[in-house]
2 protein chains.
Amino acid sequence: MVTRTDAPTRREQILKEAARLFAERGFHGVGVDEIGAAVGISGPGLYRHFAGKDAMLAELLVGISGRLLTGAKRRVAEAGGTARPEAVLDSLIEGHIDFALDDRPLITLHDRELDRLRDSDRKLVRQLQRQYVELWVEVVRQVHPGLPEPAARSAVHSVFGLLNSTPHLGRRGSLPGRGATAELLHRMAKGAFAAAGEAAETLAVG
Amino acid sequence: MVTRTDAPTRREQILKEAARLFAERGFHGVGVDEIGAAVGISGPGLYRHFAGKDAMLAELLVGISGRLLTGAKRRVAEAGGTARPEAVLDSLIEGHIDFALDDRPLITLHDRELDRLRDSDRKLVRQLQRQYVELWVEVVRQVHPGLPEPAARSAVHSVFGLLNSTPHLGRRGSLPGRGATAELLHRMAKGAFAAAGEAAETLAVG
DNA sequence: GGAGTGCGTTAACGCTCATTAACACGTCAG
DNA sequence: CTGACGTGTTAATGAGCGTTAACGCACTCC
């Protein structure tokens with residue numbers, strides 16, 4: 001875990017605020033003046049840091065997908081050697097939940113504004129996402145060997161939907177606290193996978 | 001079940017195409033000319049049928065929320081009298097899955113473009129959504145009595161996220177067929193609720 | 001001390017796009 | 001026959017917005 005002590009650079013401030021605004025009102029729904037105002041400069045000043053509005057979105061989405069994937073790879077490598085597959089899956093789930101709870105705006109952007117990207121960027125993001133999914137699918141199939149690959153892939157996407165539902169959970173007041181929420185999400189994800197796996201096993205055995 | 005044999009009216013064509021386009025590229029991402037072209041008339045001709053672009057979105061969102069809620073109420077009334085709570089929950093899940101599989105574009109719109117509405121419309125949609133959630137929460141708590149209300153509400157939102165993930169499942173080719181997909185989603189939803197409920201019961205007993 | 005550079009500013013351009021105006025043409029009641 | 005009405009059309013309007021131009025002002029480094 002690398003912790004930073006230095007102040008966030010201007011670029012980072014901009015990206016953070018842009019992410020929040022894009023998530024709240026959509027890419028087309030927020031103007032450059034608004035983004036500028038959110039970091040204390042006005043409108044066209046952003047062009048000293050980014051080539052354009054599109055470039056901000058691109059950097060956000062590529063960054064998200066990349067961090068998700070590298071984090072998952074690291075977790076598989078760390079837990080994969082010694083532990084049983086279920087521990088690896090637990091680690092993946094935990095990582096995704098951390099991300100969903102800590103970076104809600106990015107989660108929202110992730111599956112909402114992908115088509116606004118240039119072809120090359122979109123291809124890159126899609127590729128990163130696909131690798132992330134495949135990594136999960138492998139682990140899930142080790143935990144639930146009976147599950148055929150298409151079903152496993154569907155199950156993974158569905159669990160992502162479950163975990164990514166955090167933006168819809170109450171506006172930070174009604175939640176039972178971060179720890180409890182994470183715990184609940186984790187249990188539900190495991191339960192969902194287990195149900196999918198049991199169905200396949202029942203079918204295979206019966 | 002009311003089946004219609006008469007041809008769809010122009011208004012309905014427009015709404016259907018608008019829903020598809022809004023879901024694909026976002027409310028701001030699609031122009032009125034495009035919507036018109038999709039039904040064979042061009043641009044401003046839409047204004048003979050709707051007061052404006054906003055009005056189409058409003059009618060779509062209010063319609064979705066309303067149909068979801070009335071459908072759920074009907075299911076609770078039908079299955080609620082005689083059967084055990086679990087059967088009611090099964091019926092709710094089934095209804096939501098039907099909706100998610102049959103009206104994918106609407107599902108996408110439902111939680112993506114709500115803030116584009118006039119205040120009054122948004123309030124109405126939110127109220128309908130809230131009632132729908134509360135109805136689920138009640139049933140879930142009957143099936144899993146140990147589950148505290150906040151946790152049950154979070155669980156319901158999360159299962160919605162799971163069920164609404166259908167737009168992300170393969171582009172209609174890689175899916176194992178509608179029946180199998182519905183079955184898988186149903187099992188996973190039940191599994192997720194069960195896991196949430198077991199956690200609470202374990203806590204209460206232990 | 002002056003050229004270069006980083007980071008802002010405000011004003012202007014140009015394009016997209018929702019909406020409105022003005023007009024056209026069927027159908028159908030009286 | 002004829003007006004009203006429903007349903008289109010194309011042209012014009014006007015606002016919003018991303019982007020670029022032109023300029024200002026610290027700093028820093030020879």
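Predicted model only: the values in this text are computed from it and were never measured.
Judged purely by atom type and a 3.5 angstrom limit, Glu17(A) has no side-chain atom pairing as donor or acceptor with the backbone of Ile35(A). Arg104(B) contributes a side-chain N or O that, together with a main-chain N or O of Thr166(B), makes up a donor-acceptor pair within less than 3.5 Å.
The pair Glu94(B)-Arg75(B) meets the salt-bridge criterion, with a side-chain N (NZ, NE, NH1 or NH2) lying under 4.0 Å from an Asp/Glu carboxylate O. Between Arg67(A) and Asp103(A) no salt bridge is recorded (no basic side-chain N to carboxylate O distance below 4.0 Å). Between Glu12(B) and Lys16(B), none of the side-chain N atoms (NZ, or NE/NH1/NH2) sits under 4.0 Å from a carboxylate O, so this pair counts as no salt bridge. Arg178(B) has a carboxylate O that lies under 4.0 Å from a charged side-chain N of Asp102(B), or vice versa, which qualifies the two as a salt bridge. We find that Glu134(B) and Arg130(B) are not joined by a salt bridge, their nearest charged nitrogen and carboxylate oxygen being 4.0 Å or further apart.
A distance below 6.0 Å separates the ring centres of His96(B) and Phe160(B).
Defined by atom type and a distance below 3.5 Å, a donor-acceptor pair is present between the side-chain atoms of Ser120(B) and Arg118(B).
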Would you tabulate the nitrogen or oxygen pairs shorter than 3.5 Å linking the protein to nucleotides 15-19 of chain C?
from	atom 1	to	atom 2	distance (Å)
dA18(C)	OP1	Val30(B)	O	3.4
dA18(C)	OP1	Lys53(B)	NZ	2.9
dA18(C)	OP2	Val32(B)	N	2.8
dT19(C)	OP2	Tyr47(B)	OH	2.3
dT19(C)	OP2	Lys53(B)	N	2.9
dT19(C)	O5'	Tyr47(B)	OH	3.1

Hey, what are the protein-to-nucleotides 25-27 of chain C N/O distances that come in under 3.5 Å?
none

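Note that Arg11(A) lies in the cation-pi zone of Phe50(A), set by a 6.0 Å cut-off to the ring centre and a 45° limit from the axis.
Along DNA chain D, read 5' to 3', the first and last nucleotides having any atom under 4.0 Å from a heavy atom of chain B are dT7(D) to dA11(D).
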